[in-house]
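The structure appears below as structure tokens.
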Amino acid sequence: RRTEQEIPWTEGRDVWWHEITARQSTEHTPEAHEAEHPLFILYTSGTTGKPKGILHTSGGYLTQAGYTHHAVFDLKPATDVYWCTADIGWVTGHSYIVYGPLANGATQVIYEGTPDTPHQGRFWEIVQKYGVTILYTAPTAIRTFMKWGDDIPAKFDLSSLRVLGSVGEPINPEAWIWYREHIGGGTCPIVDTWWQTETGAIMISPLPGVTETKPGSAQRALPGIAATVVDDEANEVPNGSGGYLVLTEPWPSMLRTIWGDDQRYVDTYWSRFQGRYFAGDGAKKDEDGDIWLLGRVDDVMLVSGHNISTTEVESALVGHPSVAESAVVGATDVTTGQAIVAFVILRGGVTESPELVEELRAHVGRTLGPIAKPKQIKVVGELPKTRSGKIMRRLLRDIAEGREVGDTTTLAD
Ligand code: 7RM
């Protein structure tokens, strides 16, 4: 009734929320379960083919959801007002709207609307109104706010904020700095949290007030978690080198299997590197041993024999003052194997021109070296994204290679 819209109604099947909740008891006796009792199955789309039903169980999942929600956000349940803006159907909503905060007795904002209804200051109005102290959102949202302009958050009092979080994709250094300056008042620590549906909870992240942060790096495995970067032969790479992200010890909230397909579970996660969990992400360790995520391994481009990460080219483009967002894919190319094709959204007020496109190519060349220069840059108004804000590179590859676009049913737009 809340929406006051006409709804289809089947007598005997449908019930009114207000009627059914009004006649329930206010007492609830929790049901005890074995630690390994299944808690939920969450289907990940996967970039190709059949979705995987990721199985989580009760004890370990709650342990790590609770621990990380407390440690990574420095949660003080008596005084903090916590807000995670994720879609509740995404694993981030499960772990950091439902299980972690409820287990920790947090006071939280739960919001189901969009960031631009009724106006583009909606998030900041909510922060001001409820005195939000901890904000957990995604790079895609941050880049959208950048695109809308600094003047929008500037109209609101954001001084209650003390910790900012990011999740879902690598956060470009440019977006990180904007988040810190324009939302965090230049003082809030930012926690860039790496994890997956499969890991159930945060695995790699700075700790606020403990870690000296670096824009764009998730940095260190949390206490109790073991992660490293290995090469093709499973050798740990030295500092300053890149490879594949692996987890080397079990963790409480690890997935228990792929529902109904134990063999696929073994094949996908445990077969690439003996005795180690293969996350499917490329990563590098910098000179200090801090971890930088470089995007999905399937998305890494191979140009004239060089491995180039989509994330690094995207960050170089977003580092240009004319660019708000970008998505980069490798398209089949007869001479170089793959060629870099970039899709960019320009910042408000910037107009497209052949000179600008040339300037952007040169900018990437200066930042990353000539081999990383996109062969083609397409200026677009929107990028195809999932509901959790991840760019659907598969579709962009279809476009870059001149194919009909494939299945789009899980797209937000
Ligand atoms: C929580 C979530 C998992 C994939 C993962 C990465 C990417 C997530 C970060 C990140 C770089 C981050 N679960 N990813 N967080 N990449 N830095 N902080 O997103 O199952 O939907 O996706 O998301 O590629 O493997 S998920």
Side-chain angles (χ1 to χ4, degrees), residues 40-47 51-56 61 64-65 68-69 72-73 84-100 136-143 164-173 175-176 179 190-206 211 213-222 225 227 229 242 244-247 253-255 258 268-269 272 277-284 290-300 309-312 314-315 327 385-394 410 412:
F40 62 80
I41 301 165
L42 189 58
Y43 283 81
T44 65
S45 50
T47 44
K52 303 190 281 277
I54 305 300
L55 175 69
H56 283 292
Y61 174 82
Q64 197 170 334
T68 54
H69 179 251
V72 173
F73 299 107
C84 169
T85 70
D87 182 311
I88 207 161
W90 181 23
V91 70
T92 305
H94 285 54
S95 301
Y96 298 105
I97 296 176
V98 183
Y99 294 101
Y136 193 27
T137 194
T140 178
I142 298 164
R143 289 189 300 261
L164 301 177
S166 172
V167 59
E169 289 173 279
I171 177 165
N172 325 105
W176 193 102
Y179 194 27
I190 296 177
V191 289
D192 174 2
T193 62
W194 180 89
W195 59 293
Q196 307 176 299
T197 304
E198 292 88 339
T199 71
I202 299 170
M203 302 293 281
I204 304 176
S205 173
T211 315
T213 53
K214 294 179 184 176
S217 172
Q219 299 189 283
R220 297 287 168 142
L222 295 179
I225 304 298
V229 180
Y244 307 95
L245 181 71
V246 293
L247 303 169
S253 60
M254 62 196 291
L255 76 166
I258 294 172
T268 307
Y269 304 108
R272 183 74 170 76
Y277 172 89
F278 173 53
D281 281 357
K284 68 179 184 200
D290 284 320
I291 295 173
W292 296 70
L293 277 305
L294 298 175
R296 301 293 299 165
V297 170
D298 299 338
D299 293 332
V300 170
S309 120
T310 51
T311 300
E312 287 184 312
E314 286 161 10
S315 286
K385 286 180 192 160
T386 66
R387 282 162 52 132
S388 63
K390 292 186 209 299
I391 293 163
M392 295 277 285
R393 290 199 178 67
R394 175 173 60 76
T410 64

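Note that the numbering runs from 1 along the sequence shown for the chain. Whatever order the structure lists them in is the order used to number ligands and atoms, beginning at 1.
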The protein residues that pass the under-4.0 Å heavy-atom test against ligand 1 are Trp90, Val91, Thr92, Val167, Gly168, Glu169, Pro170, Asp192, Thr193, Trp194, Trp195, Gln196, Thr197, Asp281, Leu293, Arg296, Lys390

Between [X] and [Y], do the side chains contain an N or O donor and an N or O acceptor separated by less than 3.5 Å?
{"X": "Thr199", "Y": "Tyr277", "answer": "no"}
{"X": "Thr197", "Y": "Tyr43", "answer": "no"}
{"X": "Lys385", "Y": "Thr140", "answer": "yes"}
{"X": "Tyr136", "Y": "Thr193", "answer": "yes"}

For Ser166, the side-chain hydrogen bond (donor to acceptor under 3.5 Å, both in side chains) test, sequence neighbours excluded, returns none

Only residue of Glu312, Arg143, Glu314 satisfying side-chain hydrogen bond (donor to acceptor under 3.5 Å, both in side chains) with Asn172 is Arg143

